[in-house]
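Below: the structure, in structure tokens.
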Number of protein chains: 2
Amino acid sequence: MLSKKTKYAIKALVSLGKNMGNPPIQISKIAEEEKIPKKFLEQILLDLRNAGFLYSKKGAGGGYSLNKDPKEIFLVQIMRITDGPIAMVPCASLNFYHKCEECKSETTCGIRSVFVDVRDATLQILTETSIANIIERENNLIAEV
Amino acid sequence: MLSKKTKYAIKALVSLGKNMGNPPIQISKIAEEEKIPKKFLEQILLDLRNAGFLYSKKGAGGGYSLNKDPKEIFLVQIMRITDGPIAMVPCASLNFYHKCEECKSETTCGIRSVFVDVRDATLQILTETSIANIIERENNLIAEV
DNA sequence: ATTAAGTCTATCTTTTCTATATACTTTATC
DNA sequence: GATAAAGTATATAGAAAAGATAGACTTAAT
């Protein structure tokens, strides 16, 4: 399961993505609109900022805006910052690998082999899907109704 | 991430799958061989038994064996028993659906739309992969070395 | 100077996961 | 039929993670 942290992060980025070209948005505004606890959102936005995805401005008239083209911010990047590994077992993780203590032979483990496949299938979608793409999906879904 | 419960469940099923045709195996034997805490494994095997996947025999000379053809036991079934939902967001789950409290419009939610795709990709693998298939993968991996 | 913002770090609370404990039931075997 | 070997069932402890909140600090606009 995606943590709320990650869900909130994506929601905030989508909000900011829709705001491109306009002055920065305040944490409290995003928190209110997306129904995210403000103090929790502060932490999340800080993480995203420290990872280089957001530009922030302190003081009156400050706020947050995207520091990159929404076409160049991919879900996989966000998820690795906020949730960590994409794979369902640590021994199948590319960026957060570690051994299963109880495992006898990793190279011949059938379970690992399946979850490497699952990881690859998941990764294919998450590395392709950008914030811009999510906004696009929403526009398409709205148009369908 | 897969819970240890699910990982242990799959390991136990693979053990039992390799034992087809032989007398039942005792919990303590599986626990020892697979390095799984015995009392924890008891609970897990009970769940699998109550779900109809295992046959059990009490008393001396008792133990567990598969109640189905290992070709007919699929990962998706096990995971739904031990971990619950496959989807990464509750609103994209087929068997454990529930609404995101903070979501404005589910039908037009771009995030949900992505994670429905992820769910489908994951599901395709997990509904195809059986215990027999995992054993087969292991044999292939051993042969490669 | 004052106010409106973000920054940083710590801590609290709740939930979930993992594991263990205890008492009970069934069955084989001597 | 007593005994030991096994599974059954339920409760609970302990640890870790997730979610949320608090408070003091910094920066910038007016």
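Lettering follows sequence order; numbering is per chain, from 1.
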Kindly give the atom pairs (protein nitrogen or oxygen, nucleotide nitrogen or oxygen) under 3.5 Å for nucleotides 24-28 of chain D.
residue, atom, partner, partner atom, Å
D:dT27, O2, A:Gly59, N, 3.4

So, is A:Ser56 close to the C:dT7 phosphate, meaning a side-chain N or O under 4.0 Å from OP1 or OP2?
yes
Is there any protein nitrogen or oxygen under 3.5 Å from a nitrogen or oxygen in nucleotides 15-19 of chain D, and what are the pairs?
residue, atom, partner, partner atom, Å
D:dG19, OP1, A:Lys4, N, 3.3
D:dG19, OP2, A:Lys4, N, 3.2

Protein-nucleotide distance (B:Lys35, atom NZ; C:dA19, atom C1'), rounded to Å
18 Å
Salt-bridge contact B:Lys4-A:Glu102 (side-chain N to carboxylate O under 4.0 Å):
no
Is it the case that the base of D:dT21 and the side chain of A:Gln43 share a donor-acceptor contact (distance under 3.5 Å, atom types as modelled)?
yes
Is the side chain of A:Asn133 donor-acceptor paired with the backbone N or O of A:Glu128 at a distance under 3.5 Å, no angle test?
no
Rounded to whole Å, how long is the line connecting atom CD of B:Glu42 with atom P of C:dA23?
15 Å
With the threshold set at under 4.0 Å for non-hydrogen atoms, list the residues of residues 85-104 of chain B touching DNA chain C in residue-number order.
none
Starting at atom NZ of B:Lys38, determine the distance to atom C1' of C:dT20, rounded to an integer number of angstrom.
12 Å
Quick one, A:Ser93 and A:His98 - any side-chain contact, counting heavy atoms below 4.5 Å?
no
side-chain hydrogen bond (donor to acceptor under 3.5 Å, both in side chains): pairs with one or both residues in residues 56-66 of chain B, sequence neighbours excluded:
B:Arg49-B:Ser56
B:Asp47 CG to D:dT8 C1', straight-line distance once rounded to whole Å:
12 Å
Do the side chain of A:Asn19 and the main chain of A:Pro23 share a donor and acceptor less than 3.5 angstrom apart?
yes
For the pair B:Gln77 (side chain) and B:Phe74 (backbone), establish whether a donor and an acceptor sit closer than 3.5 Å, ignoring hydrogens and angles.
yes
Pairwise N/O distances under 3.5 Å, protein to nucleotides 12-14 of chain C:
none

Let me know the distance between CG of B:Leu46 and C1' of C:dC24, rounded to the nearest Å.
13 Å
At 4.0 Å (heavy atoms only), tell me whether A:Ile27 reaches a base, stays on the sugar-phosphate, or touches nothing.
sugar-phosphate
Would you confirm whether B:Asn140, through its side chain, and B:Glu144, through its main-chain N or O, come within 3.5 Å as a donor-acceptor pair?
no
Decide yes or no for A:Lys7 and B:Cys100: does some side-chain heavy atom of the first lie under 4.5 Å from some side-chain heavy atom of the second?
yes
Any Lys/Arg nitrogen of B:Glu106 or B:Lys99 sitting under 4.0 Å from an Asp/Glu carboxylate oxygen of the other?
no
Could you tell me whether the phosphate oxygens of D:dT8, OP1 or OP2, come under 4.0 Å of any side-chain nitrogen or oxygen in B:Arg49?
yes
Nearest-Å distance, CD1 (B:Ile44) to C1' (D:dT8)?
15 Å
Beyond-backbone contact of B:Asn95 with B:Ile86, side-chain heavy atoms, under 4.5 angstrom:
no
Which donor-acceptor pairs under 3.5 Å do side chains of residues 30-39 of chain A form with protein atoms, sequence neighbours excluded?
residue, atom, partner, partner atom, Å
A:Glu34, OE2, A:Ser15, OG, 2.9
A:Lys39, NZ, A:Glu42, OE1, 3.4

Heavy-atom side-chain proximity of B:Pro90 to B:Tyr97 below 4.5 angstrom:
no
Does the side chain of A:Asp47 come within less than 4.5 Å of A:Thr82's, by heavy atoms?
no
Answer yes or no on whether A:Lys68 is positioned over the face of A:Phe53, meaning its NZ or CZ is under 6.0 Å from the six-membered ring centre and within 45° of the axis.
yes
Once you round it to whole Å, what is the distance between C1' of C:dG6 and CD1 of A:Ile30?
12 Å
Could you tell me the separation between the NZ atom of B:Lys29 and the P atom of D:dA5, rounded to a whole number of Å?
17 Å
